[in-house]
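Numbers restart at 1 for each chain; the letters A, B, ... are given by sequence-line order, proteins then strands. This structure is a prediction, so every number in the text was calculated from the model and none was measured.
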Amino acid sequence: MRTGAFYPSRVTRWVIAIILGVLVLIPLAMTLEYTFRDGKSHSLKHWAALFDPANKATYSPLWTGVTNSLILAVATIVIVLVLVAPTMILVTVKFPRFRRVFEFVALLPITIPAIVLVVGLSPIYLVIGRTFGTGAWTLCFAYGILALPYAFRAIQASIDATNVTTLAEAARSLGASWLNVVVRVLAPNLRSGLMAGSLISVAVVLGEYTIASLLNRQNLQTSLVVVNQQDAFVAVIVSLLALAFCFILLLVIGQLGRMGSARKERS
Amino acid sequence: MTDEPLAVARQATSVVLESVTKDFGTNRVLKDLDLTVEAGEFVSLLGPSGCGKTTALRLIAGLEQVTAGVIRMDQVDVSRVPTNKRDIGMVFQAYSLFPHMTALQNTMFGLQMRKTPRADARRQGMEALDLVGLADLADRYPHAMSGGQQQRIALARALVTSPKVLLLDEPLSALDAQVRLQLRVEVRRIQISLGITTVFVTHDQEEALAISDRVAVMNAGQIEQIGTPEELYLFPATPVVAAFVGMSSLVRAVVRDGVAYAWDIAIPLIGNPPAGDCEIFVRPEHVRIATDGEPGIHATVETSTFLGSMRRTQVVADDGQRLTVQHAAEQHLDVGDSVNLTIVPVPVAVRK
């Protein structure tokens, strides 16, 4: 059978790509244009204002928010890679009968609105506040749960595509400890899933508003709301920068992954 | 680390299973299993799927824990020793090479886990690849190898650490027939040259008979019979073994005074079955075309299959029983031909 029967033609593909591209780019372009507005004309006034030391006090919540969100992103990635992924591997290899239960629990947060989640989380955060303090980083526990369904799907897809059980048993039979099984044998083969899981967690963290706001912690989104009330232009600029940051992050992580595999192939 | 080449393996290890029981939930997979594998011996576990043979192997590997009983290697109880400390080599049915490592990196893995210096690990890894005849594929990744090549590398990887015991879990069953034959000869050659104690799981009786010092026929979580391939084939102790090992036709017979009578032919028995009606297992090579005056069966040819060096012909006796006859390939029997057959009086197994 002709493969052409299954794949759209070159022209169709381009048309689809252009339509989608336009749909994504127009709002972005308009947002960018907005940041240059200066009365009837355009200027770099608002961009300059953002970096003007004179406005430091006005924008300081913003920098706090950005810093907190970055810390939270890293902490959430750590939770995904150190807690979620090994647990999933363990369930697959050692306790396959718990897989359905585990999957159900992992996907649960997606069905619970953040506002409902907060009701349950707030008494827990009273305890967390007493034990770990009220630093913004403690939000990573909640964000780990929020990111769980997305990270789970991404990693599970990789696990399903890899013969994890046989690889783990082969490594065990060759004398590998469980740590070595996970780090040296499974992680390299689940790389794409782990990467996708981490990335999507970063996206979740950078976009999160409800929980941070209701638990009275500052992150990027809450600070944007605060700053927006004083200077809408700056809030928009920072939103754009955050988007750009995510985009660059995506490219960098993708590139790192490719370099990692290329290095392995050379040695 | 030692400098000695792979071929001078350590002193061989014996493996003993003592009254081993294994439950999965409420399902008892192994029932009070006893098995002794002598040092340097090649023993196959043979049986239909679900008979517990793979479970027995996984218990020896430590990939499952015994519910009751003891597993010993060289008299030492290893029942609670985790897999990575048991010093075993294992080849799996599914392709199990690490996809992100080259053939050489795969074979070096076990040595690196034992903290062998890199240069030594590299040299021993190459030796292991040499042993399976694939040193030229050292830098190849698994996805660029055939199934047979992958299983050879897996064998090299399992042997490179000079393990106490080599465990083979149907390693040939995913390969096509020709490669399978080649590789099983090679597995046996390497096993003999290293003198390593080996347990091989298979559901292919021909494979088990061809490759093993002894074969344990398993059924429903127990060993029906263990013996050399010849013993199993010529003197099957139970109906299950007779039916599973080699080909047989079941023929109605009567046991009287320790002898079975089928079509008035007196046939000696294996063991001491009680008198009365029964069925006997008759091998195709023990049925032959009768000469004049011999007691026998009159039968009609149903089908005939040419197998190269010989021919197997299915016949229907006048009383409706079906028989398989093995005879010289030159002797051509056409469908519908009528023949007189007789049974060679060698000891047969009996089913009530």
Practice item. Could you tell me which portion of B:Gln112 (side chain, backbone, both or neither) has an atom closer than 4.5 angstrom to a non-hydrogen atom of chain A? Key: side chain
Review point. Checking heavy atoms, do the side chain of B:Leu167, its backbone, both or neither come under 4.5 Å from chain A?
Key: neither
Point to revise | Portion of A:Arg97 that has a non-hydrogen atom of chain B nearer than 4.5 angstrom | key: neither
Check your understanding: Between B:Ala61 and chain A, which part of the residue has a heavy atom less than 4.5 Å away: side chain, backbone, both or neither?
Key -> neither
Check your understanding: In terms of heavy-atom proximity below 4.5 Å to chain B, should A:Ser177 be classed as side chain, backbone, both, or neither?
Key -> both
Check your understanding: What's the spacing between A:Asn189 CG and A:Leu194 CG if we round to 0.5 Å?
Key -> 10.5 Å
**Study point:** Check: B:Glu38/B:Ser14 side-chain N/O donor and acceptor closer than 3.5 Å
**Key:** no
Revision key, fill the gap. To the nearest 0.5 Å, atom CD1 of A:Ile145 lies from atom CG of A:Leu121 at 5.5 Å
Check your understanding: Is the NZ or CZ atom of B:Arg157 both under 6.0 Å from the centre of the six-membered ring of B:Phe98 and within 45° of that ring's axis?
Key -> yes
**Study point:** Salt-bridge contact A:Arg153-A:Glu103 (side-chain N to carboxylate O under 4.0 Å)
**Key:** yes
